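Every heavy atom of this structure was used, including side-chain atoms; hydrogens, water molecules and symmetry mates were not. Fair warning: this is a prediction, and the values are worked out from it, not measured in the lab.
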Amino acid sequence: MKDSHSNIIEVAVPLPLDTTFHYRVPPELRGAAAPGRRVLVPFGRRTVTGYILGFGTDEGRELRTIVDLLDEAPLFTLRELELYRWAASYYLHPLGEVIKAALPAGINIQSRRGSTGHSGGELTGGRSVRTETVYRAAAGAMERPAPRGKGAQLLAHLRQAGETTTATLRELFGDCASPLRRLRELDLVESEAREVYRDPFREEAVEPDSPLPLNAGQAAALGQIASALDAGRFAPFLLLGVTGSGKTEVYLQAIARVVAQGQTALVLVPEIALTPQLVNRFRRRFQCGIAVLHSGLSDGERYDEWRRIRRGEATIVIGARSAIFAPLERLGMIVVDEEHESSYKQGEGFRYNARDLALVRGKIAGASVILGTATPQVTTWHAAASGKLTLLELPERVNGMPLPPAELLDARGQRGETLLSPLAAAVADNLDRSGQTLLFLNRRGFATWLTCEECGHVLRCPNCAVTLTYHQRKNRHICHYCDYAIPAPSVCPGCGSGQVTLLGLGTEQVEMRMRERFPEARVERMDRDTTAGKGGHARILRRVAERKTDILIGTQMVAKGHDFPGITLVGILSVESSLNIPDYRSGERTFQLVTQLIGRAGRGENPGRVLIQTLTPEHYALTHAVAGDIEGFYATELAFRRDAGYPPFTYLAVFYLTGTSPSATEAESDRLAAHLRDLRAEQGGRIEILGPVAAPLAKLRGRFRWQILLKAPNRSALHRLLLRNQRTYAPSSGIRLHVDVDPVDLM
DNA sequence: CGGGTCTAGAGG
DNA sequence: CTCTAGACCCGG
């Protein structure tokens, strides 16, 4: 059997199967079959698209023959396949589905139960290349008699302007389809179909700019990155810098060096931060091709951007999570901006973390990887402290302005007050001085729960173990986990008493109270309920930027990505909702949130101030955030985690089971937990199984979800158990198992 | 995943 | 005895 032109190929199919399949290639396609190309293969009684992984040998089994070979060139390289294989094994997800997720959506062909009822069924799907028609005057057409009227105008234009598209001709001459047809018949013009890209940002040209001068911290950081680039080996960095410390300028100048070396760069940003402003900053700086990948693109636009990248027409790719799979070759650098952001995690299907894959891809490619943030993940900090990442610090803000002073207000014994008096006074004072105020509360809706004074009944979601939040505008009680909703009852559903009370403050109620209290102020609310629909964010942000808003009330989304230069007062109404989440990361999350909010204030000429109402003013996450003491926070958090046996000192995986009925999903989670306990006993390892966890049964898009946590003292013990489980445990039908491995020790 | 087959329970 | 919903099994 010849190895490189074998007639047997190994194929991965995008289905939840943990095996690959072998097929025979007919002689006429033999030389063309190559890893990375797709094939149409008979699969059971269907025809599906698969991916060629490589060549195989005859194992004596009866093999079926491929139906067709797709793609003129491979869609992925062997290096990319190495990344896919790593991800499939690490996230315990079928390789075919990993490849499908890595390639642009909608390109695969599947057979359907065809209504026309042909034997193979009809083939559907496949993303097409868009073409446009261009016209040009035919060579040597001068002698022939010229037509009259519109035809003459068109011909004159084409002789002068050369090739012109249908769209341009229509713009210039109106509808001209029939004269053009006539000209073609007379052989006076010729036409050609040309491939075009659906350009997601066909914007007007931007003014080029040049590199900004760097401060000492930036220059030192850039110097270290530059020497790693010159060495041309994998080098991971943690770039630590507060909001406004000029991380982006460091990325830009480092990437300039990468481009100058003839290499390419990949920039990952959280979805929400992928604004035209950021992209334009890159477009102003670089003349080379820039491709942008984000969730707002249509399948066609995404496919076109992908093809531009694959053909080497883009040198820099900027994108959200899924851009980690962008088909760049000669990759010199990967930037992961705001590396702590949870939006790098894909939470459905193939559950990967693009921040982690960035390190793996960087290692495979021999590239530098920069993780940039003011508030790293605790695991990232630990990796830097133990020398696995090189720490680069940007200690000061570029404009020299210090971070605004922050203070904690003790809210104990003052329940029922929306704003404590120092914060209320600060808002009034800020209004007097025409400053803008940001009030943060991480809870949308009017009130968090309804309780009965008589019998103590609390409204809860029947699917999820959480209370229903009252929304005044809809007059409904809604589950924020699964969107289950009921109309607001007038009496207690438990005992019929009329004595029901709404408790727990939400943004909707804060908005109402602020309008009552400051009737002259222009109040806006920014949360999922007010930003629904496209352009919802932009509308609110524009009014804030134009100073048409005095008080902005917002949830989580105001802490991320957006710049509010006019904000001179930040009030945090409660951090308890973030602090009291029963998750070992709640301290970390709260520290990140508060630190990011402090960075939102005083980006202008006034440093502003930050006031935080809390019931736990001694909590280390808050005291360190308020003091700007990053080292102190991480030291305390790591000591706590070491004692409690949490990551990064133990390793953790989360199993998610989803099914369509709550009882079946719950029963399955018991079965899985029992199975895992058996495996643990058999292995004799020190692996701890937490669960099935009571709270998180949640309905997501019609499916119920249950989770189980696994803790292990090291990664290999955890992975041995996970792999063993994957081989020995089969979920019952209708139930799917997903695995989130968190966190990781990749190096 | 999708579809074929096998099976238990309800209905006639 | 027939019909059907759901479990289960397989795909090269």
Exercise. Cation-pi check, A:K100 to A:Y51: give yes when NZ or CZ is under 6.0 Å from the six-membered ring centre and within 45° of the ring axis, no otherwise.
Key: no

Self-check item: Over 12 non-hydrogen atoms of neighbours within 6.0 angstrom of CZ in A:R311
Solution: yes

Quiz item: Residues two or more places apart in sequence or in another chain: which of them pass side chain to side chain contact (heavy atoms under 4.5 Å, CB included) with A:R85?
Solution: A:E10, A:L53, A:L81, A:L95

Quiz item: For A:F21 and C:dC10, what is the distance between atoms CZ and C1' respectively, to the nearest whole Å?
Solution: 9 Å

Self-check item: Interatomic distance where CD belongs to A:E62 and C1' belongs to C:dG12 [whole Å]
Solution: 10 Å

Quiz item: Separation of A:E97 atom CD from B:dC1 atom P, in whole Å?
Solution: 8 Å

Practice problem: Assign A:T19 to base, sugar-phosphate, or nothing according to its heavy-atom contacts below 4.0 angstrom with the strands shown. | Solution: nothing

Exercise. Mind checking the CZ-CZ spacing from A:R38 to A:F76? Nearest 0.5 Å is all I need.
Key: 10.5 Å

Practice problem: Could you state the atom-to-atom distance from CG of A:L53 to P of C:dG12 in whole Å? | Solution: 16 Å

Quiz item: Given atom CG of A:D18 and atom P of B:dC1, what is their separation to the nearest angstrom?
Solution: 14 Å

Self-check item: Between A:T77 and A:E329: side-chain donor-acceptor atoms closer than 3.5 Å
Solution: no

Practice problem: Measure from CZ on A:F43 to C1' on C:dC9 and round the result to the nearest Å. | Solution: 13 Å

Exercise. Side chain of A:Y23 only, please: which of B:dC1, C:dG12, B:dG3 is the nearest?
Key: C:dG12

Quiz item: Among all residues two or more places apart in sequence or in another chain, which pass the ring pair (Phe, Tyr, Trp, His ring centres under 6.0 Å) test with A:H457?
Solution: none

Quiz item: Would you say the base of B:dG3 and the side-chain of A:R45 have a donor-acceptor pair closer than 3.5 Å?
Solution: no

Quiz prompt | Nearest-angstrom distance from the residue atom CG of A:L15 to C1' of B:dG2 | solution = 9 Å

So which protein nitrogen or oxygen atoms get under 3.5 Å of nucleotides 5-7 of chain B's nitrogens or oxygens?
none

Exercise. Could you please spell out the steps behind the side chain to side chain contact (heavy atoms under 4.5 Å, CB included) verdict for A:L722 and A:L710?
Key: CA-CA 9 Å; A:L722 294 179; A:L710 273 176; 3.7 Å; yes

Practice problem: Provide, to the nearest angstrom, the distance between the CD1 atom belonging to A:I66 and the C1' atom belonging to C:dG11. | Solution: 17 Å

